[in-house]
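Please read these numbers as outputs of a predicted model, since none were measured by experiment. Quick note on labels: first sequence line is chain A, next is B, and so on, each numbered from 1.
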Amino acid sequence: MREKELRRSLAVLPIGTVMKLTSLTARQIRYYESQELIFPKRSDGNRRLYSLADIDRLLEIKDYLDDGLNMAGIRKVYDQKKLERERQKDQSHQLTDDDVRKILHDEFLRAGGLQIPGSQQPSVQKPF
DNA sequence: GTTCTTACA
DNA sequence: TGTAAGCA
């Protein structure tokens, strides 16, 4: 099923379509890019092109934001994921959804510097 | 008409 | 984050 993966990664959607599919404003989408949360391709007149994978990524980012994480925190989670993916190359360990939840949990415990300044402490104190 | 970058009430 | 400005 590699061809399917390939298609999910094909960047062909303009920001306008992404806005409708994610309910995010162009401002937010571009801002997340500046925070290195997403990496859309560029094309013709320097226009951003997104893939279906990017759409999922943006929806995922929205969820993390609801969980009280800020840009830095989310990026940290993705960086961890990437490290695990690489570590997985020469080892037989794979990052499972449970691992991700654990990472998120740890983030909560010491999210002091990652928590959004003067923000809504997640209503759900112990979602884990 | 749509997107891009930059800047600021 | 919103939004306006000036380009492409």
Please tell me if the side chains of M71(A) and L65(A) come closer than 4.5 Å, counting only heavy atoms from C-beta onward. yes
For I15(A) and dA8(C), what is the distance between atoms CD1 and C1' respectively, to the nearest whole Å? 16 Å
Just to confirm, is there a sub-4.0 Å distance from OP1 or OP2 of dT6(B) to any side-chain nitrogen or oxygen of Y31(A)? no
Which nucleotide in the set dG2(C), dT5(B), dT3(B) lies at the smallest distance from any side-chain heavy atom of N46(A)? dT5(B)
In this structure, how many angstroms lie between the P atom of dT1(C) and the CD atom of Q35(A), rounded? 10 Å
Is the shortest side-chain N/O distance from R27(A) to OP1 or OP2 of dT3(C) below 4.0 Å? no
Compare side-chain N and O positions of R30(A) against OP1 and OP2 of dC4(B) and report whether any pair is under 4.0 Å apart. yes
Just wondering, do R48(A) and K41(A) contact through their side chains at under 4.5 Å, heavy atoms? no
Find out whether the Lys NZ or Arg CZ of R57(A) is both under 6.0 angstrom from the six-membered ring centre of Y78(A) and within 45° of the ring's axis. yes
With heavy-atom distances below 4.5 Å as the criterion, would you say the side chains of P40(A) and E33(A) are in contact? yes
Pairing partner (Watson-Crick or G-U wobble, both distances under 3.5 angstrom) of dT3(B): none
Figure out the CZ/C1' separation between R47(A) and dG1(B), and round it to whole Å. 10 Å
Expressed as a whole number of angstroms, how long is the span from L24(A):CG to dG2(C):C1'? 14 Å
Taking any heavy-atom pair under 4.0 Å as a contact, classify G16(A): base, sugar-phosphate, or nothing. sugar-phosphate
Measure the distance from CE on M19(A) to C1' on dT3(C) and round it to the nearest whole Å. 12 Å
Regarding the side chain of Y32(A), the nearest nucleotide among dT5(B), dT1(C), dT3(B) is dT1(C)
dT3(B) P sits how many Å from L13(A) CG, rounded? 11 Å
Watson-Crick or G-U wobble partner for dA9(B), using a 3.5 Å limit on both distances? none
Mind checking whether L24(A) and M19(A) have side chains closer than 4.5 Å, heavy atoms only? no
Rounded to whole Å, the CZ-P distance (R48(A) to dT2(B)) equals 17 Å
Taking atom P of dT3(B) as reference, at what distance in whole Å does atom CG of L49(A) sit? 11 Å
